[in-house]
Each structure stands twice: as C-alpha cells, then as structure tokens.
Amino acid sequence: MAQEIKVPFFKASIGEEEENAVLQVMRSGWLTTGKQSLAFEKEFAEKIQVPYALAVNSNTSGMILAMEACGVREGKAVITTPYTFVSTATSARHLGADVYFADVEKNNYSIDPESIEKILESPRGKNVAAIVPVHIAGNVCNMEAIMDIAKKYNVRVIEDCAHSFPSKTKMGYAGAIGDAGVFSFYVTKTMTTGEGGMVTTKDENLARRMTMMRMHGMDRTTWDRYTSPRASWVYDIVAPGFKFNLPDMLAALGRVQLKKADLFDSQRKVHVEKYNRAFSKMDFVKLPPTGDGNAWHLYLMRLDLTRLTCDRDTFAKRLQELGIGISMHFIPLFHFTYWKELYPDFTAEAFPNAEKQYSETISIPLWPDMTDEMTDYVISCVETLGREYHA
C-alpha cells in the first residue's frame, strides 16, 4: 500500500493569474516563441540587471548554448563540480568536450576555488575553456575567488544558476557575475514555467551567438519572420544550431511567476528560519551553509552521523514512512555508470568532501505555500527520529 504523503517535497505556487495568462496566449492564435517570450526576456534581464537574456526550453539547453558560445568543443574542457545534477557536465559532453571535476569545499556544497586552480595549474589546464560553478540550493559560490582565477588563466565563467534565482550578492545577482548565467524554470524551482530556462550575459557577442544557435543557426527569429514586412520564407542558416526556444504559453506563465519571485523568496525564508531555530537545538543536525544572497531554493538538512546509530538512507526512508516527501541533492556524478566508465579515476575517494556531504544530507520540504502545520510536522518527525536513533 502506498504511503500517504502528509507534506509533499514540493508543490508549485500556481494561481488564477498564471491560468489567465496562459489562456490568453492560447486564445491569441500565436503559441510558439513570440511577443510573450520577448517580454519575458526583457523583464528577466531588468530583474537581474544584465543587458541580455534569452528564454530557452530548459537549463540544459541554455547550458549547451552558453558553453558553445564560450568555445567549449572537441579538444577543450570545462571545470565543474561532481556535486550537481548530471546535465551540468553532460552539456559539455554533447559538445565533444572533456569535463574536469573539482571537489566541493569542506563542510559546504560549493565548488572549491583552490581545487579549480590546481586543475588550471596542471597540464590539463591548457585545454580548459570555461569554469562552471554551481550555486547549490541557492547559496552562491565564492565568485570573487572564481572570477579572479578565471581572469588569471583567461578562461570563461558560466554560472549554473538552476537553484539561485533571485540570489543577489555584493558582486551582483547570480547569473550577472560571470560571462554567462543559466537558470532553470523546472516545476520544482523558485519560479516555474513548467519546463524552461533563461540564459543571461553582459557580452553582446555571446548574446548574438546564442540567439542564432537557439533556433537552428537561423539568421531570423520565427517572430520576425511572421511579423516583419520582409518575406517570411527568406532566411539563411549560418551555423548548425539547435531547437532550444521557449514557447509563448510557457513564457506567459513565467512572466507572472517573475512578478511573484520576491514574494516566493520571502515566504521560503520564513520556513527556513523556523527550521533553523528548531534544528539548532538538535545536536544530530548541522544547519545548512549560507552566504551572501542565499535564495534558499532547497533546505539541505545535514545529519551528524556520529550522534546517530543509523545512516542517512535509513533516516530518509523513515521520514518517507512518516509521510514526508524528501529528495537527495545531489548524488555526486562519480556514482553513475557513464562517468565511471568514461573516467576510471573519477571515484568517491578522489572527492572526499563531495562524498561526505552526500552521505549525510537529505533535502526536506521547502516551498512558498507550506503551512505552519506542515513545517511543524517535519520538525516533529526529525526530532522523533533523532531521539529514536540517538547514539
């Protein structure tokens, strides 16, 4: 018998405004990329204070576009973290490039700048086209150090911002610090279009290249072809591009969500403060790391296993049995068959910090419309299991 879910891991905050926006597009007669997508791009660019934003159909698509524009190709490589979702790294592989992995910081989930520099100082460093830091759970990486390293070695920086909208630091918004930023609007993210993403940049040349490659390498957009006085069938293909555009129905949903983004951000932080207050009193829980501008996309509850008689998986399964939706962010890539076969020396032993964080961490429910009763129940269950398994 299936276990009753009392507190879902996530539930998107969708209201009548989103429904009406999508219906208006459906009734307009124009469903694909058009004026809604253009408006969404403009509004998102203004929000994070960059001149260029391109709406795409996923973070993965955006990552491929950004990497391709930054010179990632066969014979080149990117540096990223094994503590990420697989698409961060496979995007480079789709372009024929190698991936070099740097461990995360000790007691943190962010890529370690010192590990990045060790790779760049090694013989492999000459092949590196880009560094791809991943802002895990909304907590921004040490971008000051990473940008200094990138400048020193003359490599690009592509921020994986799938978790980090609207993270804002003293250096600016996440996605506006490096050469490019790539966001996700998947259903579980801080704002959603169901599926979709956005690529941002301050570089006009990168923006021009990504705009062209987003639609088959075509020198005209679909909206231009069908609304411009120029004949719609007149266009040129100037490169072997992709099909990565975002339809207007999803862009309309995103425009409404964007207006609510700051409200969602404040609502998540109310739940975070409640979790932190409660868990700070439990000696078997380590509070998640936080820094400048944390958007708190996820609450990464890290267990102190020295104070428990069970492992992380047992604790997680018991939470599920109690009706709490949980997840794991992330299974490090060295656990997956593809990467182990591709790089035989890519092992848990080579990345001790990433492996340790993974073995101790559970992602627990965190979403804007959670009720006080829900957060209280999660806290109560964690406390109960902590007593049951306390060493």
Side-chain angles (χ1 to χ4, degrees), residues 56-73 76-105 108-113 115-116 119 128-143 146 150 155-165 167 174-175 177-186 188-190 195-201 210 242 244 295 297-298 300 327-340 342-343 346 351 353-355 357-358 363:
V56 289
N57 56 21
S58 70
N59 171 275
T60 305
S61 299
M63 192 62 67
I64 293 171
L65 285 176
M67 287 184 181
E68 195 276 342
C70 287
V72 176
R73 60 184 185 276
K76 295 292 185 177
V78 302
I79 298 173
T80 193
T81 168
Y83 207 98
T84 184
F85 186 62
V86 67
S87 61
T88 308
T90 52
S91 295
R93 296 296 297 150
H94 287 312
L95 296 167
D98 282 318
V99 184
Y100 303 151
F101 293 99
D103 204 357
V104 297
E105 297 174 312
N108 203 338
Y109 300 90
S110 298
I111 192 168
D112 179 17
S115 295
I116 294 172
I119 295 171
V128 174
I131 302 166
V132 188
V134 183
H135 306 312
I136 303 292
N139 197 30
V140 179
C141 298
N142 184 350
M143 290 304 295
I146 291 169
V155 296
R156 298 280 201 170
V157 175
I158 302 168
E159 299 174 72
D160 188 334
C161 302
H163 290 188
S164 58
F165 179 76
S167 298
I177 302 170
D179 295 280
V182 188
F183 295 83
S184 173
F185 303 139
Y186 181 65
T188 60
K189 297 302 189 290
T190 56
E195 294 278 1
M198 191 76 73
V199 189
T200 56
T201 185
M210 291 189 292
F242 309 100
F244 287 163
H297 163 53
L298 299 170
L300 304 180
S327 189
M328 302 294 175
H329 295 87
F330 286 104
I331 303 172
L333 302 189
F334 46 72
H335 282 278
F336 296 125
T337 299
Y338 170 78
W339 294 103
K340 288 190 288 188
L342 183 65
Y343 301 126
F346 187 36
F351 302 90
N353 294 339
E355 177 64 11
Q357 266 80 289
Y358 166 61
S363 297

Output field: ring centroids Phe346/Phe351 closer than 6.0 Å
yes
Does the separation of the ring centres of His163 and Phe330 fall below 6.0 angstrom?
yes
Is it true that a side-chain atom of [X] and a backbone atom of [Y] form a donor plus acceptor pair closer than 3.5 Å?
X      : Y      : value
Asn57  : Glu195 : no
Tyr186 : Gly197 : no
Gln357 : Asn108 : yes
Glu355 : Pro332 : no
Thr200 : Gly175 : yes
His297 : Ser164 : no
Asp160 : Ala162 : yes
Glu159 : Ala174 : no
Asn353 : Val104 : yes

State the [atom1]-[atom2] distance between [X] and [Y], to the nearest 0.5 angstrom.
X      : Y      : atom1 : atom2 : result
Ser167 : Ile177 : OG    : CD1   : 9.0 Å
Leu65  : Thr60  : CG    : OG1   : 11.0 Å
Phe242 : Met210 : CZ    : CE    : 12.0 Å
Ile131 : Ile116 : CD1   : CD1   : 5.0 Å

Using side chain to side chain contact (heavy atoms under 4.5 Å, CB included), reason through Val134 and Tyr83 one step at a time and then give a plain yes or no.
CA-CA 8 Å; Val134 183; Tyr83 207 98; over 6 Å; no
May I ask you to test the [X]-[Y] pair for a side-chain heavy-atom distance under 4.5 Å?
X      : Y      : value
His335 : Tyr358 : yes
Asn139 : Leu300 : no
Met67  : Val132 : yes
Phe334 : Phe101 : no
Leu333 : Val86  : yes
Met63  : Ile158 : yes

Closest non-hydrogen atom pair, [X] against [Y]:
X      : Y      : result
Thr90  : Ser87  : OG1-CA, 3.1 Å
Glu105 : Pro113 : OE2-CD, 3.8 Å
Ile146 : Cys141 : CD1-CB, 4.0 Å
Ser363 : Met328 : OG-C, 4.4 Å
Val182 : Gly62  : CG1-C, 3.7 Å
Met198 : Val56  : N-CG2, 3.8 Å

Test side chain to side chain contact (heavy atoms under 4.5 Å, CB included) applied to Leu95 and Ile64, step by step
CA-CA 7 Å; Leu95 296 167; Ile64 293 171; 4.1 Å; yes
Under the criterion side chain to side chain donor-acceptor pair (under 3.5 Å), I'd like the reasoning laid out for Thr84 against Thr81: C-alpha separation, chi angles, the key distance, then a yes or no.
CA-CA 6 Å; Thr84 184; Thr81 168; over 6 Å; no
Between Lys189 and Asn59, does the side chain to side chain contact (heavy atoms under 4.5 Å, CB included) criterion hold? Intermediate values first, please.
CA-CA 11 Å; Lys189 297 302 189 290; Asn59 171 275; over 6 Å; no
Evaluate the criterion side chain to side chain contact (heavy atoms under 4.5 Å, CB included) for residue pair Arg93 and Leu342; output intermediate values, then yes/no.
CA-CA 11 Å; Arg93 296 296 297 150; Leu342 183 65; 3.5 Å; yes
